[in-house]
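Here is the structure we will look at, set down as C-alpha cells.
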Amino acid sequence: MITQTDIILSELGGLYGQKVLADMGEILRYYDFYEGRGQHWRTAENLDYRPTQFITNLTKKLIKREARFMFGRTPELRVRDRDGRRLEDMQTLLDMVLEDNSFPERLMKGARDCFIGKRVALKLTCDGGNIGITFRPSTEFVFTPYDEDADRLSKIIFFYQTADEPERVNQRVWRQKYEMENGHCFVTEGTYDGYGNLIDGGEKIDTGLDFIPCRVIINDGLTGDLCGESDVAEIMANQQHYNRLKSDDIDALRFNMFPQRVAIDADGKSLESMKFAPGALVDLVTDPAVGDSGEQASLELLESKFSYDARFEHTLNRIKEDMHELLGVPNLSLEQLQGLMQSGKSMKALYWELIERCEERWTVWEPALKWMCRTIFRLVGACMPDLLEIPENYGIYCEHLYPIMEDEEEERRLDLSEVQAGVRSAESYRSKWQIFEN
C-alpha cells in the first residue's frame, strides 16, 4: 500500500525527510490525545476489581479556549490606499470571497489544527472564477521552502486517503503537488491505488503563476524551525496526572464509603438469616460456645477514618492551574468574575497574559492573512483580469479583535477632550480609532 511514509520519503530525502516522518508520528499522537483517545493508560491486571479510568479532557477545552479567544471575533481585514482611504471595489470583492468560503469558521478550525499539529497550510485556489480558501492540517501535507526565504515555498504536496479498503487495489489516495520550475508554478494532481499506481489524473499543468498559492503557518518554534511546537505537548503530563488522580479518588471513595459490619460473639445461624434493609429487624443470637461467661452478641459498624480531601483538592487544583499557566489561559470562575464585570480594564488585566500570547502569535498570523488577501487579488488578476482593476499600491490592514469588554466609550470621550484641548491632533484621533475618509 502507498502510505504517508512512502510519499514523505519520495518527496523529502535525507535527514529532513526522516525528521518530518518522525514528526508526523508525534502529531498523530497529539491529535489522539486531544480527542481523548490517547489519554487512557495501562492498569494492573489480576485484580479483584476493575480500576477506574475517568477522563476529564481539559486539553481539548483549553485549546478551544485559546482559538476562541484569538479568533472568536474574526479579525477585520481592510483594503486601503497609501493615504488610508478605503478602496470600495477591492474591499467588496475581498468580503465576498471571505464570505463565500465561510472564512470565520475555517479560520477558527485552522487555528486549532495549528495549535495541535504544530503547523497548518493556508491554501488558495482559483477554479472557474471561484476563489477557494482552505486550511489543511499538518498530517495532510509536506513542504520544502526556499533556502533564503522560509515563507516562500519551492514545493508543497497535499495528500489524504479517500477510500480505505482491505484490498490494496481498491484503496485510493489523492495527491496534489505544487512545485516551482524556472519561475513557473506547476501543479500535478492524481488519484493512486494502494500499490502506488496512477488511477486518474497525473497531468502536470502550468498554473500561470510565478508563485505557489500556499503558505505554511508555524506555531511557535525558534529561528529556522520548519516543524513548530504543539500546545498539546505542553500539557500532556499534567493531563495524565489529573486523570489518574481523579480515577484513584473514585476507587478510594468506592472502597471506603461502605462500612464493614462486625459481629462479636454472634451465632452463625442468626448471621446467615440476617437481612440488611431500611426498617429491618435483626434477630441477633449469642453464640452458645460463649458458655456461661455472660458475654452477649453485638453488631457494630467499622468505618474508615481515612481523610485526604484538602490535600487531594489542593493537588488537583495545582495541576489544573499549571495547565492554564502553561498555555496562558486564565483559570477564572463565576465567583472570581463577580465585581469585575463593570470594568473593561479589570477584565483586560485578567486576560493580559493570554492577550500577550495571542499578540505573539499574531506576528506569524497577521503576515499570513495579509498574504492571503494580496494573493486573492493576484489570483483575480491572473484568472479574471477583466473583473477588477487592481492598483499597484494598496495596503492591507488587520485589526485584532478579542471577545472581552472594552471601556471604549470612556476612552473615546477622553481622547476627544484631548483633541479639544489641543494636546492631541485630530489626525491622531482618526488614526487611533481607524476613522478614514471615504
* To do: Report the C-alpha distance between F211 and C185 in whole Å, list the side-chain angles of each, state the deciding distance to 0.1 Å, and finish with yes or no for side chain to side chain contact (heavy atoms under 4.5 Å, CB included).
  => CA-CA 6 Å; F211 67 100; C185 174; over 6 Å; no
* Could you walk me through whether T188 and E203 pass the side chain to side chain contact (heavy atoms under 4.5 Å, CB included) test, one step at a time? => CA-CA 6 Å; T188 307; E203 182 181 359; over 6 Å; no
* Verdict with reasoning, W362 to Y402, per ring-ring contact (aromatic ring centres under 6.0 Å, His included) -> CA-CA 12 Å; W362 271 115; Y402 300 121; 7.5 Å; no
* To do: Start with the C-alpha distance between C358 and W365, add both sets of side-chain angles, then the distance that settles side chain to side chain contact (heavy atoms under 4.5 Å, CB included), and finish with yes or no.
  => CA-CA 10 Å; C358 290; W365 280 89; over 6 Å; no
* **Criterion side-chain hydrogen bond (donor to acceptor under 3.5 Å, both in side chains) on N243 and Q239, from CA distance to verdict** => CA-CA 6 Å; N243 289 337; Q239 176 72 77; 3.1 Å; yes
* Can you check side chain to side chain contact (heavy atoms under 4.5 Å, CB included) on F54 and T56, steps first, answer last? -> CA-CA 7 Å; F54 185 80; T56 302; 3.4 Å; yes
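When the shell of 6.0 Å around NZ of K109 is examined, it contains 12 or fewer heavy atoms from other residues, nucleotides or ligands. Around atom CG of D127, no more than 12 heavy atoms belonging to other residues, nucleotides or ligands sit under 6.0 Å away. For D149, the CG atom is densely surrounded, since the number of other residues' heavy atoms within 6.0 Å is greater than 12. Within 6.0 Å of atom CD in E392, 12 or fewer heavy atoms from other residues, nucleotides or ligands are found, so the atom counts as exposed in its surroundings.
Summarising the geometry, atom OH belonging to Y242 is positioned 5.5 Å from atom CG belonging to L316; distances are rounded to the nearest 0.5 Å. Taken from CE in M24 to OG in S138, the straight-line distance is 6.0 Å, to the nearest 0.5 Å. One finds the CD1 atom of I63 at 11.5 Å from the CG atom of L58 (value rounded to the nearest 0.5 Å). With rounding to the nearest 0.5 Å, the separation of CD in E88 from CE in M90 is 12.0 Å. A distance of 8.0 Å separates CD of E99 from CE of M96, quoted to the nearest 0.5 Å. Note: L245 CG to E313 CD = 10.5 Å, rounded to the nearest 0.5 Å.
Salt-bridge check for E35 with K60: passed, with a basic side-chain N closer than 4.0 Å to an acidic carboxylate O. Under a 4.0 Å N-O distance rule, the pair R119/D23 qualifies as a salt bridge. With salt bridges taken as basic N to acidic carboxylate O contacts below 4.0 Å, one links R378 and D210. Salt-bridge check for E189 with K204: failed, with every basic side-chain N at 4.0 Å or more from each acidic carboxylate O. With salt bridges taken as basic N to acidic carboxylate O contacts below 4.0 Å, none links R361 and E359.
Residues S154 and F143 have side chains not in contact (no heavy-atom distance under 4.5 Å, counting atoms from C-beta outward). Side-chain contact check for T191 versus V173: every heavy-atom pair is 4.5 Å or farther apart. Using a 4.5 Å heavy-atom threshold, the side chains of R215 and L153 count as separate. Taking 4.5 Å as the limit, some side-chain heavy atom of L369 sits within range of a side-chain heavy atom of P75. When side chains are defined from C-beta on, M384 counts as touching I131, because their heavy atoms get closer than 4.5 Å. Q240 places none of its side-chain heavy atoms less than 4.5 Å from the side chain of W41. Looking only at side-chain heavy atoms (C-beta outward), T43 and Q53 come within less than 4.5 Å of each other. Contact of the Y146 side chain with the D151 side chain is not registered, since no non-hydrogen atoms from C-beta on lie closer than 4.5 Å.
Among all heavy-atom pairs drawn from A111 and A67, the shortest one is CB-CB, 4.2 Å. In this structure, V120 and F135 approach most closely via the heavy-atom pair CG2-CB, 4.0 Å. What you find for V364 and I218 is that their closest heavy atoms are CG1-O, 3.8 Å. When every heavy atom of R65 is checked against every heavy atom of V329, the shortest pair comes out as CZ-CG1, 3.6 Å. Nearest heavy atoms, G38 versus F33: O-CD1, 3.5 Å. For the residue pair Y31 and R37, the shortest heavy atom distance occurs at O-NH2, 4.5 Å.
When atom types are taken as modelled, the side chain of R106 and the backbone of I133 share a donor-acceptor pair closer than 3.5 angstrom. Judged by distance alone, with hydrogens and angles left aside, the side-chain atoms of D83 form no donor-acceptor pair with the main-chain N or O of R85 at under 3.5 Å. At distances below 3.5 Å, not a single donor-acceptor pair connects side-chain atoms of N101 with backbone N or O atoms of F103.
If you look at Y351 and F69, their ring centroids are closer than 6.0 Å.
A donor and an acceptor atom, one from each side chain of Y34 and N57, are nowhere located under 3.5 Å apart. With hydrogens and angles left out, the side-chain atoms of Q91 and D95 include a donor and acceptor closer than 3.5 Å. Under 3.5 Å, the side chains of N219 and E229 contain no donor-acceptor pair of N or O atoms. A side-chain donor-acceptor contact under 3.5 Å links E366 and H400. In summary, the side chains of T52 and D251 do present a donor paired with an acceptor at a separation below 3.5 Å, with no hydrogens or angles considered.
Taking the six-membered ring where tryptophan is involved, the planes of F377 and Y394 are perpendicular, since the angle between them exceeds 60° and thus also 30°.
Residues forming a side-chain hydrogen bond (donor to acceptor under 3.5 Å, both in side chains) with R357 (at least two apart in sequence, or on another chain): E66, D231.
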